[in-house]
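Below you'll find the structure, written out as structure tokens, and then a few comments.
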Amino acid sequence: SDFTHFTSYVSLVKNKECAYNFGIRDSISQLHYLCMKCKGDGTINISIKNENGKTMLPKTNCKTTNWKWIKISIPEKNISSGNNTITFQDAKGTVDIDKFVITTNEKLNPDK
């Protein structure tokens, strides 16, 4: 089947977590950025958990009726080589997430 023209995204639900596990192969500690494409009228709690513990990123507002990219800085110590888990949770209102990218490129435009 061809699902090219279908839309899929995650609708965050209050008091429920949406977690994604990922690994970092680069052992160099550096600043990362979370680019997240979202829409809605709400606030998201984002946390990253790894061998260094769990860190909450600043609460992120998503207030748009159209899909919009939001960029959040992730301090160096908050992502480590090896296994990491990023967790999204609806803190207030409603938020949908279409996609996200974790990068070291501050100028990345994920749509290009």
Side-chain angles (χ1 to χ4, degrees):
S1 297
D2 182 5
F3 295 99
T4 304
H5 300 289
F6 283 75
T7 301
S8 65
Y9 55 89
V10 174
S11 292
L12 297 179
V13 178
K14 187 138 179 108
N15 299 322
K16 299 278 184 179
E17 293 182 339
C18 177
Y20 180 78
N21 298 309
F22 64 98
I24 297 289
R25 292 175 277 185
D26 191 352
S27 61
I28 299 171
S29 180
Q30 55 188 318
L31 185 64
H32 287 81
Y33 300 90
L34 169 66
C35 299
M36 178 176 57
K37 192 172 188 179
C38 64
K39 72 176 180 175
D41 185 14
T43 304
I44 307 168
N45 290 328
I46 303 170
S47 65
I48 296 178
K49 183 179 176 183
N50 56 36
E51 62 191 20
N52 297 327
K54 183 175 181 178
T55 303
M56 296 295 295
L57 298 180
K59 287 189 180 208
T60 303
N61 293 318
C62 182
K63 298 189 181 288
T64 177
T65 55
N66 297 314
W67 293 111
K68 178 181 174 185
W69 283 101
I70 296 173
K71 187 179 294 180
I72 305 159
S73 295
I74 304 172
E76 291 178 27
K77 65 178 179 159
N78 294 15
I79 291 185
S80 65
S81 60
N83 297 325
N84 296 266
T85 301
I86 187 165
T87 303
F88 303 94
Q89 186 177 26
D90 186 8
K92 181 179 178 184
T94 58
V95 177
D96 298 329
I97 299 175
D98 180 40
K99 54 183 98 172
F100 68 91
V101 176
I102 296 174
T103 181
T104 56
N105 182 351
E106 181 181 10
K107 297 177 182 176
L108 176 73
N109 180 347
D111 277 335
K112 292 187 178 184

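Positions are given from 1 along the sequence.
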Out of curiosity, Ile46 CD1 to Met56 CE, how far, rounded to the nearest 0.5 Å?
8.5 Å
For Asn83, check side-chain contact (heavy atoms from CB on, under 4.5 Å) against everything at least two apart and list the hits.
none
Partners passing side-chain contact (heavy atoms from CB on, under 4.5 Å) against Lys39 (at least two apart in sequence or in another chain):
Thr64, Trp67, Asp96
Do side-chain atoms of Lys68 reach the backbone of Lys63 as a donor and acceptor pair under 3.5 angstrom?
no
Are Trp69 and Leu108 linked, directly or through intermediate hydrophobic residues, by side-chain heavy-atom contacts shorter than 4.5 Å (ILVMFWY only)?
yes
What's the spacing between Lys92 NZ and Asp41 CG if we round to 0.5 Å?
9.0 Å
Would you indicate whether the side-chain heavy atoms of Ile97 and Met36 approach each other to under 4.5 Å?
yes
Mind listing the side-chain donor-acceptor pairs of residues 13-22 below 3.5 Å, one per line with the distance, residues two or more places apart or on another chain?
residue, atom, partner, partner atom, Å
Lys14, NZ, Ala91, O, 2.6
Asn21, OD1, Thr85, OG1, 2.6

For the CG atom of Asn61 and the CD1 atom of Ile70, what is their distance to the nearest 0.5 Å?
8.0 Å
For side chain to side chain contact (heavy atoms under 4.5 Å, CB included), just list the numbers for Leu34 and Lys71, CA-CA rounded to whole Å, side-chain angles, deciding distance to a tenth of an Å, and then say yes or no.
CA-CA 6 Å; Leu34 169 66; Lys71 187 179 294 180; over 6 Å; no
Taking a hydrophobic cluster as the set of Ile, Leu, Val, Met, Phe, Trp and Tyr residues connected by side-chain heavy atoms closer than 4.5 Å, whether directly or through intermediates, do Tyr33 and Phe88 fall within one such cluster?
no
Looking only at heavy atoms, what is the nearest atom pair of Ile74 and Leu31, with distance?
O-CD1, 3.2 Å
Gap separating the CD1 atom of Ile44 from the CG atom of Leu57, nearest 0.5 angstrom:
11.0 Å
Working to the nearest 0.5 Å, report the span between CD1 of Ile86 and OG of Ser47.
8.0 Å
Using modelled atom types and a 3.5 Å cut-off, is there a donor and acceptor pairing between side-chain atoms of Asn84 and backbone atoms of Gly82?
yes
Atom pair CD1 (Ile72) and SG (Cys35), whose distance is rounded to the nearest 0.5 Å:
9.0 Å
